[in-house]
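Here's the structure we're looking at; comments come further down.
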Amino acid sequence: MDHFPIFLSTKGQRIVLSGGGDAALAKLRLLMKSEAKISVYAPAPAPELVQWADADRLTLHTRALQLGDVLCAKLFYAADEDDVEDARTATIARAEGALVNIVDNLHDSAFITPAIVDRDPVTIAIGTEGAAPVLARAIKADLEERLPTTLGTLARIGKGFRKMADALPFGRPRRDFWRDYYFNAGPRAVADGEAAVGAALDGLLSDHVTRAARPGHVAFVGGGPGDPELLTLKARRALDEADVVIYDRLISPEILELARREAQMIDVGKEGFGPSTPQETINDLLVEHAQSGAQVVRLKSGDATVFGRLDEEIDAVDAHNIGWHIVPGITSASAAVAAIGQSLTKRGRNASVRFLTGHDMKGFADHDWANLARPGEVAAIYMGKKSARFIQGRLIMHGADRTTPVTLIENASRPEQRILETTLDRLPVDLTDAEMTGPALTFYGLAPRAAALAATEILQEEMA
Ligand code: SAH
């Protein structure tokens with residue numbers, strides 16, 4: 001970094017500029033935002049310059065800059081857009097002790113003026129050391145769009161409120177309060193004027209003081225298979241009250257929408273065999289946030305107690321004496337079996353049902369295949385797409401009938417739900433053809449009830 005960014009105090013300081021054309025006007029528009037005393041030297045000033053001088057926004061001298069004109073000035077701008085004249089004025093300014101900027105001449109300048117996003121008192125300066133002005137302008141445009149124009153007002157009012165916020169414990173509770181103010185309560189109130197912002201701040205503070213008094217807690221919440229209407233009332237309430245939501249990849253955006261607007265949302269999505277947030281990191285996050293007093297919702301897909309590594313997280317929380325509870329959810333086997341209009345158990349067919357995982361931490365998971373291979377058995381296989389061929393092989397090896405029905409329900413309960421009806425024999429081939437990319441539950445030993453399929457999409461017919 002050659003050019004080191006600083007914010008220079010300009011109150012009562014002198015800034016001198018030589019020039020009266022477009023380059024001068026552009027610089028002056030920026031400089032007039034400061035509190036400096038600005039002197040301009042221009043033998044032929046543009047009309048705007050004369051207006052600004054008349055309005056006392058700067059002092060205009062309608063002559064060329066001379067020796068002694070830059071004395072006591074902090075900054076000098078050579079903006080005559082003429083190499084010879086700029087060199088002459090810059091030499092005077094340097095001799096008289098000012099830092100010099102020559103417009104469009106990085107090499108001979110002692111400082112550069114950044115692109116500025118102005119939300120006074122919040123000011124963002126963007127510089128590329130002259131390397132990429134286009135980039136600086138693009139970043140500026142992007143920020144201009146993203147930062148509400150009322151940000152400055154909010155910062156000014158917030159500054160006056162800082163002492164009051166000391167009522168909150170230092171650290172996270174105070175940080176959360178300010179985040180809430182700047183990104184939620186503040187922007188909402190500011191449309192109704194500054195008095196409304198003050199009132200919002202008061203309300204917000206008492207809200208946060210009560211919240212800070214509560215000890216941190218973790219709710220392990222089952223988010224269900226995807227349809228927000230399949231959330232329990234308790235899950236909705238927990239989301240409503242959460243300070244922090246730590247959620248998995250399979251949680252649908254519609255469900256995340258239901259979280260308190262102020263809640264901090266943390267994505268710890270894990271993908272089958274793909275990249276994942278290490279379990280230890282998730283455990284640490286739970287402990288860290290709960291210890292800082294947050295009401296944490298650990299949102300897991302389906303039911304948190306089914307193939308969710310829940311016990312490891314409970315152990316981590318328990319080890320730090322943090323309170324927790326479990327909110328049950330609808331597991332995907334329940335949603336999937338509903339989609340095919342069947343029962344998980346049926347008198348005379350199966351008196352038990354197994355929940356299996358296709359793979360575990362060591363790879364493809366092993367099970368009591370011989371038992372499962374008997375007629376009438378039913379299993380709900382989670383994470384079973386990649387292991388389909390392995391499971392097929394094991395079952396056939398143990399004598400399972402090749403014509404045993406197998407049904408895959410992809411994206412159960414979601415708008416993109418698809419059903420694939422096949423048999424043990426055809427499972428790997430049909431699965432490959434179906435190109436399923438969403439989460440899918442495999443039922444071994446269950447075929448869709450005809451009436452249920454009539455009402456939904458039939459993948460096999462569509463593919464034929
Ligand atoms: N705790 C979750 C399961 C987590 S393991 C539950 O109770 O449902 C992840 C596996 O769940 C996926 O590989 C898939 O087999 C299944 N799954 C999750 N959501 C699903 C959905 N909407 N439709 C079908 N299967 C789903």
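In this text, all values refer to a predicted model and were calculated from it rather than measured experimentally.
- For the atom pair S332 OG and M383 CE, the distance stands at 9.0 Å (nearest 0.5 Å).
- Contacts of Y247 classified as ring pair (Phe, Tyr, Trp, His ring centres under 6.0 Å), with partners at least two apart in sequence or in another chain: none.
- Between T281 and V268 there is no side-chain heavy-atom pair separated by less than 4.5 Å.
- By the 4.5 Å heavy-atom criterion applied to side chains, D368 and L372 are not counted as neighbours.
- Side chain of R260 to main chain of A242: a donor-acceptor pair is present (N/O by atom type, distance under 3.5 Å, no hydrogens or angles).
- Between the side chain of K11 and the main chain of E35, no donor-acceptor pair closer than 3.5 Å is present.
- Within the model, atoms CD of E48 and CZ of R57 stand 11.5 Å from one another, a figure rounded to the nearest 0.5 Å.
- When the shell of 6.0 Å around NZ of K234 is examined, it contains 12 or fewer heavy atoms from other residues, nucleotides or ligands.
- The closest donor-acceptor contact from the side chain of R298 to the backbone of I246 lies under 3.5 Å.
- R237 CZ: 12 or fewer foreign heavy atoms inside a 6.0 Å radius.
- Put simply, CD1 on I116 and OG1 on T113 are 7.5 Å apart, with the number rounded to the nearest 0.5 Å.
- Put simply, OH on Y181 and CG on L204 are 9.5 Å apart, with the number rounded to the nearest 0.5 Å.
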Residue pair F111, Y77: steps toward the ring pair (Phe, Tyr, Trp, His ring centres under 6.0 Å) verdict | CA-CA 10 Å; F111 71 94; Y77 284 88; 5.4 Å; yes

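- Looking at R309 and E313, no side-chain N of the basic residue comes within less than 4.0 Å of a carboxylate O on the acidic one, giving no salt bridge.
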CA sep, side-chain torsions, deciding dist, call: L424, L395, side-chain contact (heavy atoms from CB on, under 4.5 Å) = CA-CA 9 Å; L424 186 59; L395 284 166; 4.0 Å; yes

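- Two residues are said to be in side-chain contact when any heavy atoms from C-beta on lie closer than 4.5 Å; L154 and P187 meet this criterion.
- Taking the side chain as every heavy atom from C-beta outward, T423 and D401 never approach each other to under 4.5 Å.
- Taken from CG in L408 to OG1 in T442, the straight-line distance is 3.5 Å, to the nearest 0.5 Å.
- With hydrogens and angles disregarded, no donor-acceptor distance shorter than 3.5 Å links the side chain of E421 to the backbone of A447.
- Looking at heavy atoms from C-beta onward, H107 lies out of side-chain contact with I102 at the 4.5 angstrom threshold.
- With T232 contributing its side chain and A235 its backbone, the two residues share a donor-acceptor pair below 3.5 Å.
- For D284, the CG atom is densely surrounded, since the number of other residues' heavy atoms within 6.0 Å is greater than 12.
- Qualifying ring pair (Phe, Tyr, Trp, His ring centres under 6.0 Å) partners for Y182, counting only residues two or more places apart in sequence or in other chains: none.
- Counting only heavy atoms from C-beta outward, the side chains of I326 and I314 approach each other to under 4.5 Å.
- For N350 (side chain) and S352 (main-chain N/O), a donor-acceptor pair under 3.5 Å exists by modelled atom type.
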Would you sort out whether I139 and L143 count as a side-chain contact (heavy atoms from CB on, under 4.5 Å), showing the intermediate values?
-> CA-CA 6 Å; I139 296 170; L143 289 172; 4.0 Å; yes

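- Counting all heavy atoms, side chain and backbone alike, I330 lies closest to A335 at CG2-N, 4.2 Å.
- The heavy-atom pair separating P228 from E254 by the smallest distance is CG-CB, 3.5 Å.
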Step by step, work out the side-chain contact (heavy atoms from CB on, under 4.5 Å) result for K33 and D118.
-> CA-CA 9 Å; K33 288 172 183 265; D118 175 15; 2.9 Å; yes

Step by step, work out the side-chain contact (heavy atoms from CB on, under 4.5 Å) result for L168 and V209.
-> CA-CA 6 Å; L168 284 166; V209 168; 4.0 Å; yes

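- Contact check on D176 versus R179 returns a salt bridge, with a Lys/Arg side-chain nitrogen under 4.0 Å from an Asp/Glu carboxylate oxygen.
- The two atoms that bring V245 and A259 nearest to each other are CG2-CB, 4.1 Å, heavy atoms only.
- Separation of atoms CD1 (I112) and CG (L106) is listed at 5.5 Å; rounding is to 0.5 Å.
- Residues Y444 and T407 fail the side-chain proximity criterion, which asks for heavy atoms closer than 4.5 Å.
- When every heavy atom of A200 is checked against every heavy atom of A185, the shortest pair comes out as CB-O, 4.4 Å.
- Counting only residues at least two apart or in different chains, side chain to side chain donor-acceptor pair (under 3.5 Å) contacts with residues 183-204 comprise R156-E194, D180-N184, R188-E262.
- For D104, the CG atom is loosely surrounded, since the number of other residues' heavy atoms within 6.0 Å does not exceed 12.
- For the pair Q417 (side chain) and I409 (backbone), a donor-acceptor distance under 3.5 Å is absent.
- Considering all non-hydrogen atoms of both residues, F355 and A333 come closest at CZ-CB, 3.9 Å.
- Applying the side chain to side chain donor-acceptor pair (under 3.5 Å) test to residues at least two apart or on different chains, the pairs with a partner in residues 373-383 are T331-Y382, R354-E377, N371-R374.
- Checked for salt-bridge contact, R394 and D366 meet the test: a charged N lies under 4.0 Å from a carboxylate O.
- No donor-acceptor distance shorter than 3.5 angstrom exists from the side chain of E410 to the backbone of L441, with no hydrogens or angles considered.
- Looking at K386, its side chain never comes within 3.5 Å of a backbone N or O of G358 through a donor-acceptor pair.
- Comment: D227 does not engage R414 in a salt bridge, judged by the lack of any side-chain N to carboxylate O separation of less than 4.0 angstrom.
- One side chain, D303 or T305, offers a donor N or O that lies under 3.5 Å from an acceptor on the other.
- For D166, the salt bridge (Lys or Arg N to Asp or Glu O under 4.0 Å) partners two or more places apart in sequence, or in a different chain, are R174.
- In plain terms, the two heavy atoms of F7 and T123 that are nearest each other are CZ-O, 3.7 Å.
- With sequence neighbours left out, H325 forms a ring pair (Phe, Tyr, Trp, His ring centres under 6.0 Å) with H217.
- At least one side-chain heavy atom of I322 sits under 4.5 Å from a side-chain heavy atom of Q291.
- Other residues, nucleotides and ligands contribute only 12 or fewer heavy atoms inside 6.0 Å of the CZ atom of R236.
- Judged by distance alone, the side chain of S34 and the main-chain N or O of L31 form a donor-acceptor pair under 3.5 Å.
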